[in-house]
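One structure is given below, encoded as structure tokens.
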Amino acid sequence: MTLHCRDEGAGEAVVLLHAFPLHSGMWDDQVAALRARYRVITPDLPGFGKSDGPDDPTACSIDGFADGVADLLDELGIDRAVVGGLSMGGYTTFSFLRRHRHRVNALILADTRAAADSPEVAARRVAQQEQIAAEGAGPVIDAMVTTLLSEGTRTNRPDIVERARSLMSDNSPAALVGALDAMRHRADATDLLAGIDVPTLVVVGAEDAPSPPTVAAEMAETIPDGRLVQLRGAGHLSNLEEPEFFNRALTRFLDWQRAS
Ligand code: MLT
């Protein structure tokens, strides 16, 4: 199954993996900022955006997402890349690192966590799947818009609220159900952190509720060459909420790791 992706620019390849329940369009501002100097690959993970998903959504797995990204890189003739993702994209990045380590030049971990789901989060995912089956994706998307954006964004930036909602609404209910299953069953990646031997940027919105700054700080401290950037005013979707500051952190890191 070939993943759909946007592939722009030239130079060192940078792969950016999207969050749940959005799609690759969430990276438009980052593509615009990087494409003059990097080859930016933004795939739609299976079932999202323009990528097909498996017929049985419960066949989705984060490891399968990571292997799909590796197959995509093969097709594009890319051997190694900077690989990064936000939240679910970060879970996929950890799996990519475990399964395809030799292809990773550097890592970007945005608003994500290495730990597997707690029993409470796993139970919430099952409840969300049941709600989607009963009522469609609308109510789950409404709740996620609230959870994933900071209060400041929700109050003062209706354009960003609408953009987030529209990115979520583009996806089929089956994509959401499949990814909820994939996230619920994903492996814990905490064991990887201390052994990461590539430069790693950890970015977090200061008001990220699902993956708070304390989690990001602990991750950055455990990763030997990890550096942390916290974005004031941003919630969980920090690249959408504070694109200028997110892009500044990203370009500084990318330019630095390329030069070193
Ligand atoms: C995401 O942004 O990808 C989700 O919040 C991840 C999750 O639900 O764990």
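Remember, it's 1-based here, ligands and their atoms both numbered in the order they're listed.
Panel note: side chain S95, backbone Y91; no donor-acceptor pair is recorded below 3.5 Å.
With V31 as the partner, the side-chain contact (heavy atoms from CB on, under 4.5 Å) test is satisfied by one option alone out of V14, V40, I41: V40. Evaluated for a side chain to side chain donor-acceptor pair (under 3.5 Å) with E12, the options R37, Q257, R39 yield exactly one hit, Q257.
Between F20 and ligand 1, at least one pair of N/O atoms sits closer than 3.5 Å.
Counting only heavy atoms of the protein, atom 9 (O) of ligand 1 lies nearest to Y91 OH, 2.5 Å. Nearest non-hydrogen protein atom to atom 1 (C) of ligand 1 is S87 OG, 2.7 Å. The single protein non-hydrogen atom nearest to atom 5 (O) of ligand 1 is H236 NE2, 3.3 Å, given as residue, atom name and distance.
Donor-acceptor pairing under 3.5 Å is recorded for the side chains of D56 and T58. The closest side-chain donor-acceptor pair between H4 and D52, if any, does not fall under 3.5 angstrom.
Short contacts between ligand 1 and R125, defined as distances under 4.0 Å to a heavy atom of the residue, involve ligand atoms 7 (C), 8 (O), 9 (O). Within the listing of ligand 1, atoms 1 (C), 2 (O), 3 (O) sit less than 4.0 angstrom from a heavy atom of A19. Annotation for ligand 1: atoms under 4.0 Å from non-hydrogen atoms of M88 are 1 (C), 3 (O).
In this structure, CG in D111 is found 9.5 Å from CG in L148, a value given to the nearest 0.5 Å.
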